[in-house]
Amino acid sequence: KPNPFHHDNFHYNADEDYYVCPMGQHMRRIGTARSKTASGYRSESARYRAQNCKGCPLRCLCYKAKGDQRTIEVNHRLNEYKRKARELLTSEEGLKHRGRRCIEPEAVFGQMKFNMAYRRFRHFGKDKVTMDFAFFAIAFNIKKMCSKIAKQTKNGGNTPLFGLYMLLSRILHLENRIFWKNPRKSVA
Ligand code: SF4
């Protein structure tokens, strides 16, 4: 965002670990803030504080909190992830994939997140998350195949997989009852 008073736009000296505010004052590291989200994710933010904001002509534009020392909290890890994501999204390949985003994945994500309530992975760790999503994708594709076969049957088309369709329909119906209508919480 083009706001010169947002700490994302302050100059950061990584070697000496300090920020420089719009008035040129160094904001020194004063500690670390730790937080935990409702789902149990822990994060750490570095805290930096200006030495003295009293009498600064930019004070009213800079921050609204009380006190004469502006304090900011920066999650360096998150910023690094954002930087990497921005780099990928603006790369040549990223632009190519983004061009297809509204055509291919958006509708599927809509179905996953809103119709099937698959908003969070139910496992932790890369391998388990891959397994979690792979099972979901297999089920999703089977469901899609079933609706295609059902459509063909309705239109009187040739349906050599009708037996398979009937079997999968039953499995999906059961799955739908026990899983998608009662999405489970994350497990390790
Ligand atoms: S109010 Fe403080 S932090 Fe903001 S510009 Fe002035 S000196 Fe810098």
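Read the numbers this way: they start at 1 and go in the same order the structure lists the ligands and their atoms. Keep in mind the model is a prediction, meaning the values are calculated, not measured. This chain uses plain numbering: 1 for the first residue, then up along the sequence.
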Can you sort out which atoms of ligand 1 are near [X], meaning under 4.0 Å from one of its heavy atoms?
{"X": "Cys62", "answer": "1 (S), 3 (S), 4 (Fe), 5 (S)"}
{"X": "Gln25", "answer": "7 (S)"}
{"X": "Cys21", "answer": "3 (S), 5 (S), 7 (S), 8 (Fe)"}
{"X": "Met23", "answer": "5 (S), 6 (Fe), 8 (Fe)"}

- Query: Can you find a heavy atom in the side chain of Pro4 that is under 4.5 Å from one in the side chain of Phe10?
  - Reply: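 Heavy-atom side-chain distance check fails, nothing below 4.5 Å.
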- Task: Using a strict 4.0 Å threshold on nitrogen-to-oxygen distance, state whether Lys96 and Glu92 make a salt bridge.
- Result: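 No.
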- Task: Look at Arg77 together with Glu44 and state whether they make a salt bridge at an N to O cut-off of under 4.0 Å.
- Result: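 Salt bridge absent between Arg77 and Glu44.
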- Message: Taking backbone and side chain together, does Cys53 place any N/O/S atom at a distance below 2.8 Å from atom 2 (Fe) of ligand 1?
- Response: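 It does; at least one qualifying atom falls short of 2.8 Å.
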- Query: How about Tyr81 and His76: are their ring centres within less than 6.0 Å of each other?
  - Reply: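 No.
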- Assert yes or no for the condition that the ring centre distance of Phe136 to Tyr118 is strictly below 6.0 Å.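 They qualify: ring centres under 6.0 Å apart.
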- Considering only protein heavy atoms, which is closest to atom 6 (Fe) of ligand 1, and at what distance to one decimal place?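 Closest protein heavy atom to atom 6 (Fe) of ligand 1: Cys56 SG, 2.3 Å.
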